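Have a look at the structure below, then the notes.
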Amino acid sequence: MRIGVFVCWCGSNIAKTVDVEAVAEAAKSFPGVVYATDYKYMCSEPGQNMVAEAIKEHNLDRVVIASCSPRLHEPTFQRCIGAAGLNPYMVEMANIREQCSWVHERTPETTEKAIELTRMAVAKVARNVPLFQNDIGITKRALVIGGGVAGIQAALDIADAGHPVVLVERTPSIGGRMAQYDKTFPTLDCAACILTPKMVDCASHPLIDIWAYSEVEEVNGFVGNFDVKIRKKATCVDPKLCTGCGLCLEKCIVKDVPSEFDEGMGLRRAIYSPFPQAVPNKPVIDREHCRIFNGGKCGVCQKVCPTGAISYDTVDEVVEEKFGAIVVSTGFELWDHSALGNYGYGKYPDVISSIQFERIMNASGPTEGHIVRPSDGKTPKSIAFISCVGSRDDEHGHAYCSKVCCMYNAKQALLVKDKLHDVETYVFYMDIRANGKGYEEFVKRTIEDYGANYIRGRISKIYPDGDQMVVKGADTLLGKAVEVRADLVVLATAMQPQHDAKDLARKLGISTDQYNWFSEAHPKLKPVEVLTDGIYLAGACQYPKDIPDTVAQASGAASKAIGLFSKDAIKSEPMIAYIYEDTCVGCGLCVDVCPFTAIELVEVVDKERSTRDNQVVKTVARINEGVCKGCGTCSAACRSLSARLRGFEGSGILAQIDALADMVKIKK
Amino acid sequence: MSEQTTVEKEDTQLNEQTKEWQPSILAILCNWCSYAGADLAGSARMQYPETVRIVRVPCSGRADPMFVLKGFQKGFDGVMVLGCHPGDCHYAKGNYYARRRIAMTQDLLKALGIPAERFHFEWVSASEGNRFSALIKEFTRQLQELGPFEGVDR
């Protein structure tokens with residue numbers, strides 16, 4: 001056995017608190033180690049070359065890299081030693097950065113810990129055996145979950161590269177949040193004018209299937225081979241027969257359902273299409289409000305439908321489909337600020353959220369673009385915009401900045417001035433965060449050319465006085481109390497993850513952060529990937545983002561999927577379980593505990609007890625290698641140590657504990 | 001450079017004076033949640049005592065009770081197993097099996113005369129670096145109260 005140990009300084013990240021030279025020196029005395037050295041950056045090209053050259057020069061057969069977390073650079077060093085002629089699985093990493101140098105002071109104990117961690121890795125690598133990957137075929141078809149601008153962009157990019165895409169959207173139409181907006185900052189492009197053509201492109205693309213009013217129920221499988229169950233909710237409208245004429249919408253007698261698309265500022269019918277430019281432009285029946293489904297008599301829509309597309313007895317359909325890659329683009333929700341009483345949202349009709357104001361400004365919105373107060377329909381003479389409502393506010397669960405509010409506040413303050421020349425606008429802000437192309441200039445324009453009054457301060461209370469609202473707070477620049485009387489108050493409420501983001505994360509087997517935003521694989525270098533291969537993130541489901549960032553990430557996610565589809569096969573994960581049949585007694589404990597039902601009992605010839613004339617069969621467990629994911633639950637359950645996990649064999653783990661214990665004992 | 005060395009020397013002296021007995025902890029962490037949480041504690045520089053040594057396993061379901069017993073047999077003062085929160089397991093339900101197996105392990109330790117307080121089983125997610133750091137601090141303090149593990153009295 002010839003083990004080489006390479007200790008990384010990571011610049012000063014490790015070397016600042018760990019005496020790396022002492023670690024390398026100590027490693028030289030570990031059993032099996034024939035060579036040990038240290039270097040500034042082991043992961044850099046010269047560092048990797050150093051490893052490769054040492055493998056040749058010292059005839060190494062195993063390598064330990066004492067550096068950062070294996071979760072960061074294990075693949076890097078597997079490739080490195082693979083290129084140098086070793087089996088890629090003959091490397092182990094000692095995590096002396098994340099789990100040592102970064103969390104401890106510079107003391108002799110920290111260096112000792114680094115030495116012990118390196119010793120453990122040496123003990124483990126000594127028991128490593130070469131592992132081999134198999135080729136697995138892939139399904140070159142992508143699933144995009146969420147039909148906002150992120151999902152639309154990802155679907156178009158993947159389909160344009162020649163791969164079929166299913167775009168699943170849970171509301172009746174794709175378009176998402178962007179479809180609700182009036183104009184977009186900082187160019188003041190009309191949101192609908194730039195989004196709806198993309199929606200139509202999606203609908204007409206021969207490789208894109210839009211499944212609106214559908215939700216993902218269950219995800220199984222793995223990269224290249226996901227099996228996904230999708231629930232197509234019953235719409236009561238046959239999409240093949242419906243022409244989208246809209247007669248049913250006109251005749252529906254239930255006229256008082258608050259429109260989700262208009263954020264409750266307008267009304268819709270029980271049979272509805274969220275907005276006139278909806279894609280697909282086929283209405284659905286909202287069973288919660290339709291009279292037929294609530295014991296009433298009606299059937300008007302069915303009677304008036306010229307093509308007979310409506311039937312009330314359709315049921316949800318659950319389909320199971322195969323996909324190779326999944327793009328998650330489920331977007332965000334806005335915080336319901338009515339939880340916070342002192343701003344009066346939900347209590348006073350003239351305190352509204354920014355997205356509601358967006359609908360009021362929109363020419364296709366409930367007021368056809370006329371800016372009026374919800375309470376009395378009068379044109380406001382003064383409007384106060386309050387930013388950071390819930391954002392940057394740990395107390396209300398969003399310690400983060402929602403990132404786009406500063407910009408849309410500026411946009412709304414500018415646009416409203418375009419429409420109502422004599423309106424006075426006030427923007428209350430904590431800080432103005434305008435970091436994007438043309439953003440700073442845009443805010444400046446709102447303030448200087450459009451006369452918005454920017455007041456730095458937080459609002460303590462909003463209450464009605466006469467027919468106006470009083471906005472009370474502190475001007476933190478002047479250091480005095482400030483009070484503004486406004487006809488309309490617009491709250492920039494915090495962006496937050498979808499309420500069921502956690503459920504979807506569980507279905508997909510991906511992780512979320514403390515707020516339930518989906519977690520990327522690496523915050524800097526893998527912003528689109530998640531820790532589960534074949535699943536990619538796009539847009540604000542990861543963290544608040546504006547439209548350009550969302551579209552950029554969506555294209556990034558699409559290119560990852562396209563990159564995956566450019567191969568005909570992927571390499572299997574070799575760190576999976578196997579059964580040592582000689583000792584297996586076929587008790588079936590492993591079969592019971594396997595989370596993936598990857599184990600079955602089979603009968604084999606018992607070589608030990610069989611003679612030439614008398615063949616004895618015995619029952620043993622067998623692992624379906626295509627299904628096993630390598631969790632090792634079977635290994636821990638097995639009583640005869642026959643179920644074993646490649647890469648994490650009991651012998652390797654116990655060797656780590658033994659080696660460590662020996663060193664701890666020396667200290668004691 | 002010499003200045004830094006002086007400061008370091010002073011630090012070391014200070015540590016010598018105030019040094020308490022430090023327990024040795026063996027921790028078995030699942031790769032997807034808890035090990036990532038420990039890494040996050042690192043990236044966020046959340047300091048904790050250098051008492052813990054981590055063994056990485058793919059899933060807390062891989063945590064064989066034998067590893068725990070081995071730890072005590074070898075004289076570690078405390079052993080911990082950390083896994084994903086219920087429902088968050090990368091392997092769907094490996095952590096549920098871990099939970100059942102750990103309950104059994106706790107009984108086994110009791111039967112062997114190993115104090116239950118020396119063994120911890122907790123959930124730590126990939127975003128809970130602060131929780132990981134706090135757990136190590138707390139467990140270290142608990143073990144300091146208990147004192148060194150002298151093996152099983154017979």
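None of the values given here were measured: they were computed from a predicted structure. Order of the sequence lines sets the chain letters (A, B, ...), proteins ahead of strands, with each chain counted from 1.
For the atom pair Arg71(A) CZ and Leu40(B) CG, the distance stands at 10.0 Å (nearest 0.5 Å). Distance check: Ile28(B) CD1 to Ile653(A) CD1 gives 8.0 Å after rounding to the nearest 0.5 Å.
The two residues Pro65(B) and Ala636(A) make their nearest non-hydrogen contact at CD-O, 4.4 Å. The shortest heavy-atom contact between Ile657(A) and Phe67(B) is CD1-O, 3.9 Å. When all heavy atoms are compared, the tightest approach of Leu117(A) to Ile54(B) is CD2-N, 4.5 Å. Scanning both residues, Tyr91(B) and Phe596(A), for their nearest heavy atoms gives CA-CZ, 3.4 Å. Between Arg53(B) and Leu660(A), the shortest heavy-atom contact is CB-CD2, 3.3 Å. Across Pro595(A) and Gly94(B), no two heavy atoms sit closer than the pair CG-N, 4.3 Å.
Residue Ala36(B) touches chain A through both its backbone and its side chain, counting heavy-atom pairs closer than 4.5 Å. In this structure, chain A has heavy atoms under 4.5 Å from both the backbone and the side chain of Arg45(B). The contact between Asp592(A) and chain B is made entirely by backbone atoms, counting heavy-atom distances below 4.5 Å. Heavy-atom distances place both the backbone and the side chain of Tyr48(B) under 4.5 Å from chain A. Within the 4.5 angstrom heavy-atom criterion, only side-chain atoms of Leu641(A), from C-beta onward, approach chain B. Neither the backbone nor the side chain of Phe132(B) comes within contact range of chain A; no heavy atom of the residue lies under 4.5 Å from a heavy atom of that chain. With a threshold of 4.5 angstrom between heavy atoms, Ala637(A) approaches chain B through its backbone and through its side chain.
Against chain B, the residues from residues 97-104 of chain A that qualify, each with a non-hydrogen atom under 4.5 angstrom away, are Glu98(A), Gln99(A), Trp102(A), Val103(A), His104(A) in number order. Residues of residues 510-523 of chain A lying within less than 4.5 angstrom of chain B, judged on heavy atoms, are Thr512(A), Asp513(A), Gln514(A) in numerical order.
Of the listed residues (Ala92(B), Ala126(B), Ser43(B)), the greatest number of heavy-atom pairs within a distance under 4.5 Å of chain A belongs to Ser43(B). For the set Ser60(B), Gly87(B), Cys33(B), the count of heavy-atom pairs under 4.5 angstrom toward chain A peaks at Gly87(B). Here Cys631(A) is the residue among Gly630(A), Cys631(A), Cys634(A), Cys68(A) with the most heavy-atom pairs under 4.5 Å with chain B. Heavy-atom pairs under 4.5 Å with chain B peak, among Asn95(A), Thr532(A), Asn13(A), at Asn95(A). Contact tally against chain A (heavy-atom pairs below 4.5 Å) for Arg56(B), Arg100(B), Gln73(B): the top residue is Arg56(B).
Between Lys113(A) and Val52(B), the closest side-chain pair of non-hydrogen atoms falls below 4.5 Å.
The one candidate from Ile576(A), Thr633(A), Leu645(A) that meets the side chain to side chain contact (heavy atoms under 4.5 Å, CB included) condition with Pro58(B) is Leu645(A).
Remark: Lys70(B) pairs with Asp658(A) by the salt bridge (charged side-chain N to carboxylate O under 4.0 Å, His left out) rule, at least two apart or across chains. For Glu92(A), the side chain to side chain donor-acceptor pair (under 3.5 Å) partners two or more places apart in sequence, or in a different chain, are Asn128(A).
Listed for the Lys74(B) side chain is no donor-acceptor partner under 3.5 Å among the backbone atoms of Ala659(A).
In the displayed structure, Lys526(A) atom NZ is contacted under 6.0 Å by at most 12 heavy atoms of other residues, nucleotides or ligands.
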